[in-house]
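Worksheet for the structure shown next.
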Amino acid sequence: MEGGRSVEEINNLIFKLGIRSTYQGFYYLQYALHLCMLDERYLLSVYKSLYVDVARKYNTSRDNVEHCIRTVVSNCWYKGNQAFLIKIAGYPITQKPTNGEFIDILFHYLKAQDN
């Protein structure tokens with residue numbers, strides 16, 4: 001992947017959150033973060049733009065992308081490294097974040113690593 005963060009940096013962050021590559025959502029999230037790093041306007045239209053472009057790459061539907069990312073968000077929140085997620089969010093999180101919020105948190109963490 002060119003531009004933004006490398007695949008390894010994105011993967012390392014996702015792994016650190018306790019999300020494994022055995023989930024299809026891992027790959028959807030990885031590519032979604034890559035797209036956001038290239039153009040952060042995707043964050044303004046997660047369902048209508050970001051999921052559509054991820055779905056196009058993986059030859060699936062945006063609803064499937066949404067579902068699979070929701071699965072990995074739940075996996076992170078209930079079985080993964082919730083403490084790390086809260087730490088990198090920079091604000092209190094008291095309930096499982098939405099997909100859009102989760103992607104936003106990871107995006108801003110990756111972007112801050114550039115500085």
Side-chain angles (χ1 to χ4, degrees):
M1 293 180 190
E2 296 177 16
R5 308 304 296 182
S6 73
V7 176
E8 293 79 21
E9 290 169 304
I10 292 172
N11 286 353
N12 288 340
L13 174 59
I14 298 171
F15 283 137
K16 193 167 183 180
L17 289 164
I19 300 166
R20 298 290 159 240
S21 59
T22 55
Y23 292 95
Q24 187 64 43
F26 175 96
Y27 299 97
Y28 296 166
L29 178 60
Q30 174 196 76
Y31 188 62
L33 287 168
H34 168 70
L35 290 175
C36 289
M37 295 305 293
L38 294 175
D39 185 353
E40 63 185 88
R41 289 176 294 183
Y42 275 112
L43 297 171
L44 301 173
S45 184
V46 172
Y47 185 75
K48 289 185 177 182
S49 297
L50 182 61
Y51 291 168
V52 169
D53 287 350
V54 173
R56 186 175 296 122
K57 176 178 173 58
Y58 289 98
N59 196 30
T60 189
S61 69
R62 71 177 173 186
D63 287 334
N64 186 52
V65 170
E66 188 275 332
H67 171 76
C68 289
I69 291 178
R70 186 170 7 102
T71 298
V72 296
V73 171
S74 294
N75 183 266
C76 172
W77 187 254
Y78 295 113
K79 300 176 186 173
N81 194 346
Q82 185 185 106
F84 179 66
L85 177 63
I86 292 168
K87 177 183 173 187
I88 68 171
Y91 58 90
I93 303 175
T94 57
Q95 60 187 6
K96 181 183 81 164
T98 64
N99 287 8
E101 184 181 9
F102 189 79
I103 291 168
D104 187 63
I105 291 166
L106 273 55
F107 166 79
H108 283 95
Y109 177 79
L110 288 166
K111 192 170 180 182
Q113 301 308 299
D114 284 334
N115 300 330

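Quick note: residue numbers are just sequence positions, from 1.
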Quiz prompt | Sidechain N-carboxylate O distance under 4.0 Å for Arg62, Glu66 | solution = no

Quiz item: Strictly under 6.0 Å, is that where the ring centroids of Tyr27 and Tyr58 end up?
Solution: no

Do [X] and [Y] have side-chain N/O donor and acceptor atoms under 3.5 Å apart?
| X | Y | result |
| --- | --- | --- |
| Asp104 | His108 | yes |
| Asn64 | Tyr28 | yes |
| Tyr31 | Asp53 | no |

Quiz prompt | Between CG on residue Leu33 and CG on residue Leu13, distance to nearest 0.5 Å | solution = 7.0 Å

Quiz item: Does Tyr78 have Lys96 sitting over its ring (NZ/CZ under 6.0 Å from centre, angle to axis within 45°)?
Solution: no

Quiz prompt | Within-4.5 Å side-chain heavy-atom neighbours: Leu110 and Phe107 | solution = no

Practice problem: Return yes if some donor-acceptor pair links the side-chain N/O of Asn81 with the main-chain N/O of Lys16 below 3.5 Å, else return no. | Solution: yes

Quiz prompt | Side-chain donor/acceptor of Asn12 to backbone N/O of Glu8, under 3.5 Å | solution = yes

Quiz prompt | Heavy-atom pair of closest approach, residues Cys76 and Leu85 | solution = SG-CD2, 4.1 Å

Quiz item: Under the side-chain contact (heavy atoms from CB on, under 4.5 Å) criterion, do Val72 and Ile14 qualify, and how do the steps go?
Solution: CA-CA 10 Å; Val72 296; Ile14 298 171; over 6 Å; no

Practice problem: Take Trp77 and Ile93 through the test side-chain contact (heavy atoms from CB on, under 4.5 Å) and record every step on the way to the result. | Solution: CA-CA 10 Å; Trp77 187 254; Ile93 303 175; 3.6 Å; yes

